[in-house]
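Chain naming here is simple, since letters A, B, ... match the order of the sequence lines and numbering starts at 1 in each.
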2 protein chains.
Amino acid sequence: MKLATLKHPRHRDGRLVVVSRDLRRAVAADDIAPTLLDAIETWSACHQALQQRYAALNSDQAPEAFDFDPRQAAAPLPRSPQWCDGSAFLHHGRLMERAFNTPPIPEFDTVPVMYQGASDDFLGPHDAVPLPDEAHGIDFEGEFGVVLDSVPMGVTPAAALDRIRLLVQINDWSLRALGPREMRSGFGFLQAKPSTAFAPVAITPDELGDAWRDGRVQLRLHVDWNGQWFGHAHGGAMNFHFGELVAHAARTRRLSAGTVIGSGTVSNAEREAGSSCIAERRVLEMLDQGEARTGFMRFGDTVRMEARFEGTEGGADAQAPFGVIEQRVVRDGSGQA
Amino acid sequence: MKLATLKHPRHRDGRLVVVSRDLRRAVAADDIAPTLLDAIETWSACHQALQQRYAALNSDQAPEAFDFDPRQAAAPLPRSPQWCDGSAFLHHGRLMERAFNTPPIPEFDTVPVMYQGASDDFLGPHDAVPLPDEAHGIDFEGEFGVVLDSVPMGVTPAAALDRIRLLVQINDWSLRALGPREMRSGFGFLQAKPSTAFAPVAITPDELGDAWRDGRVQLRLHVDWNGQWFGHAHGGAMNFHFGELVAHAARTRRLSAGTVIGSGTVSNAEREAGSSCIAERRVLEMLDQGEARTGFMRFGDTVRMEARFEGTEGGADAQAPFGVIEQRVVRDGSGQA
């Protein structure tokens, strides 16, 4: 099942729609649950009705269906109760330690690291990205994530996997010039992590077939920057699976339904996979060539991200199961208005 | 005006009530705005109606009024779009550096430090505090905070003060044994910060009269642990005022209406003021006596916090303008169920 949220002028949380497997058609579902958060909070009561509507839509039996326009889509959850982002691809984490010249993270191989992010203002897949200053080191981060039902404190990694309701694809915007000072403060990222963006549809794990396996999204994440290939790292390389990340987040607290947990930047040790963020490419340039040659993003730049089934997996219509994130960075002027 | 949220079995965000100045009586306000978050999000449209009901309640002109029972109160916002907590009392921060033996925070005197906290599951003023393990170093932290209307990115500290709608009193529960590793990771607090608790009423700044001045709550915060005096530090000692904290949080993002910004642990350099958290007392013991003698909280322990008007300020009925936080720590077993 694929679910999306259409923007609505009067509803901050938008309106829930079911989207066809090929992402071409949609049908309203706000009679079943007004918003995606409502659906997650009442999942046992509403998921069958949503599934039936999804089946009808896919078989052209939904008379009220309309063309799905991802440009009208908000993030599947325009805001969520909680957003915690891990750093589960250790190859990325080790490179970032070199980039930031920060001390080694304690127990990095055995205990996930994770930061608490802002979840009040997620961006849709085609939303502009307003930021105040190019000098902040504007960077994208391609990730996968999970949307949870409620999770009890102290959940085990195995039990945590059963609380995953939906999978999402994420662009975790980052400001690299602001990160190192916040890391050295010990208080973690705040200014270095502006609003996070999401691909248009959140999907149930069964939509990935074998590509949802071992608590990981086993797909490549294709990233283009200003229309040029930047990377296609594989999500299967996560050193901690999503159940382990959820259990880490829930060690001393329960998690509300609708909590989003992220994988951290998708990253592979194989150089030919490229990178899912600029900072990582810059470290590799430093290591290989003695200096970082690639700059960060400029106002007007675009980034495009999509996870893809490879070859014939899922058929031609299902090549990008989450749809596409395609965003442009723009100068924000709201504070001066 | 004083606002509270009564728990409701079917509404996660509870139901809005107006509470009398003396905290003895309340009257429903969910016909004006169903929840406090709704009220904040539509403040310009609803605050006059709320104010009128408050005036009627205070003059015994509200026939539907009932006795206000703070034990039925949730946090004023049982969940909020965002929770960012500063560390604006530098005396506390410097002592904590010694407690955790962490490197000095860069630019600590000139740039606020702030962490992003979980805002999906705030605790009410008399809610039990379920935690998994006494060995985690269970501690309270007495603080003040502000609830914001929407704030544009790049807001100035002066303009930020005008976006403050309500003031709150906070107990920011902390697990001291888990903090240092999370600080050294650079990703900030997550497991070290379980659910945060709030005093029963959120109040408009005018309720404090001259005690809301210079962007600070100019009141002592009285803290008792297991019925014994622990501290009465004064909120006026904040080194950064709330406008500066809000501007820090909004440097690279807009803030949604309902965002809560905290002061960090209220702390004074004068020893006779005591402390608002155990960790701070322990550092003072280390400095004075060579070792920390006070242990952290045990299951069954209680903490009580109230800000007070001193002497005749506000009259006898208004001595604790936010009401009282009084909580007991209990062993959580939900993950093993």
Side-chain angles (χ1 to χ4, degrees), chain A residues 12 41 79-82 84 87 100 102-103 105-108 111 113-121 130-133 136 152-156 159 175 178 181-195 248-256 258-259 332-337, chain B residues 12 41 79-82 84 87 100 102-103 105-108 111 113-121 130-133 136 152-156 159 175 178 181-195 248-256 258-259 332-337:
Chain A
R12 176 70 186 76
E41 289 179 336
R79 55 183 175 177
S80 88
Q82 182 166 201
C84 296
S87 182
F100 286 161
T102 47
I105 293 176
E107 303 172 284
F108 190 58
V111 180
V113 292
M114 185 174 282
Y115 78 90
Q116 184 96 37
S119 58
D120 66 317
D121 187 31
L131 291 170
D133 193 343
H136 288 168
M153 192 186 302
V155 72
T156 64
L175 299 173
L178 305 180
R181 192 182 60 74
E182 293 190 326
M183 292 190 82
R184 282 195 296 272
S185 81
F187 278 53
F189 304 117
L190 194 126
Q191 294 179 342
K193 293 288 184 183
S195 291
H248 181 85
R251 186 178 175 204
T252 61
R253 58 170 87 165
R254 57 191 179 191
L255 310 177
S256 296
T259 292
D332 180 80
S334 57
Q336 285 70 51
Chain B
R12 176 72 185 75
E41 288 179 336
R79 55 183 176 177
S80 89
Q82 183 167 201
C84 296
S87 181
F100 287 161
T102 47
I105 292 176
E107 303 171 285
F108 191 59
V111 181
V113 293
M114 184 174 283
Y115 79 90
Q116 185 96 36
S119 58
D120 67 316
D121 187 31
L131 291 170
D133 193 344
H136 288 168
M153 192 186 301
V155 71
T156 64
L175 299 174
L178 304 180
R181 192 182 59 74
E182 294 190 326
M183 292 190 81
R184 282 196 295 272
S185 80
F187 278 53
F189 304 117
L190 193 125
Q191 295 179 342
K193 292 289 184 183
S195 292
H248 181 84
R251 185 178 176 204
T252 60
R253 58 171 87 164
R254 57 192 179 189
L255 310 178
S256 297
T259 292
D332 179 79
S334 57
Q336 284 69 54

What heavy-atom pair brings [X] and [Y] nearest, and what distance separates the two atoms?
X        : Y        : answer
B/Ala118 : A/Gln82  : CB-OE1, 3.5 Å
A/Met153 : B/Pro130 : CE-O, 3.2 Å
A/Ser119 : B/Pro81  : OG-O, 4.1 Å

### Query
Charged N to carboxylate O under 4.0 angstrom, A/Glu41 versus B/Arg12?
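Here A/Glu41 does not pair with B/Arg12 in a salt bridge, since their nearest N and O are not under 4.0 Å apart.
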
Say you draw a straight line from [atom1] of [X] to [atom2] of [Y]; how long is it, rounded to the nearest 0.5 Å?
X        : Y        : atom1 : atom2 : answer
B/Phe187 : A/Met114 : CZ    : CE    : 10.0 Å
B/Gln116 : A/Cys84  : CD    : SG    : 9.5 Å
B/Ser185 : A/Phe108 : OG    : CZ    : 9.5 Å

So which part of [X] gets closer than 4.5 Å to some heavy atom of chain A, the side chain, the backbone, both or neither?
X        : answer
B/Arg79  : side chain
B/Pro194 : both
B/His248 : both

### Region of A/Leu175 that comes under 4.5 Å of a non-hydrogen atom in chain B
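A/Leu175 touches chain B through side-chain heavy atoms alone.
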
Please check: side-chain N/O of [X] versus main-chain N/O of [Y], any donor-acceptor pairing under 3.5 Å?
X        : Y        : answer
B/Asp120 : A/Ser256 : yes
B/Arg253 : A/Leu190 : yes
B/Arg254 : A/Ser195 : no

So do [Y] and [X] actually touch side chain to side chain, heavy atoms under 4.5 Å?
X        : Y        : value
A/His136 : B/Thr252 : yes
A/Pro132 : B/Arg251 : no
B/Arg184 : A/Pro103 : no

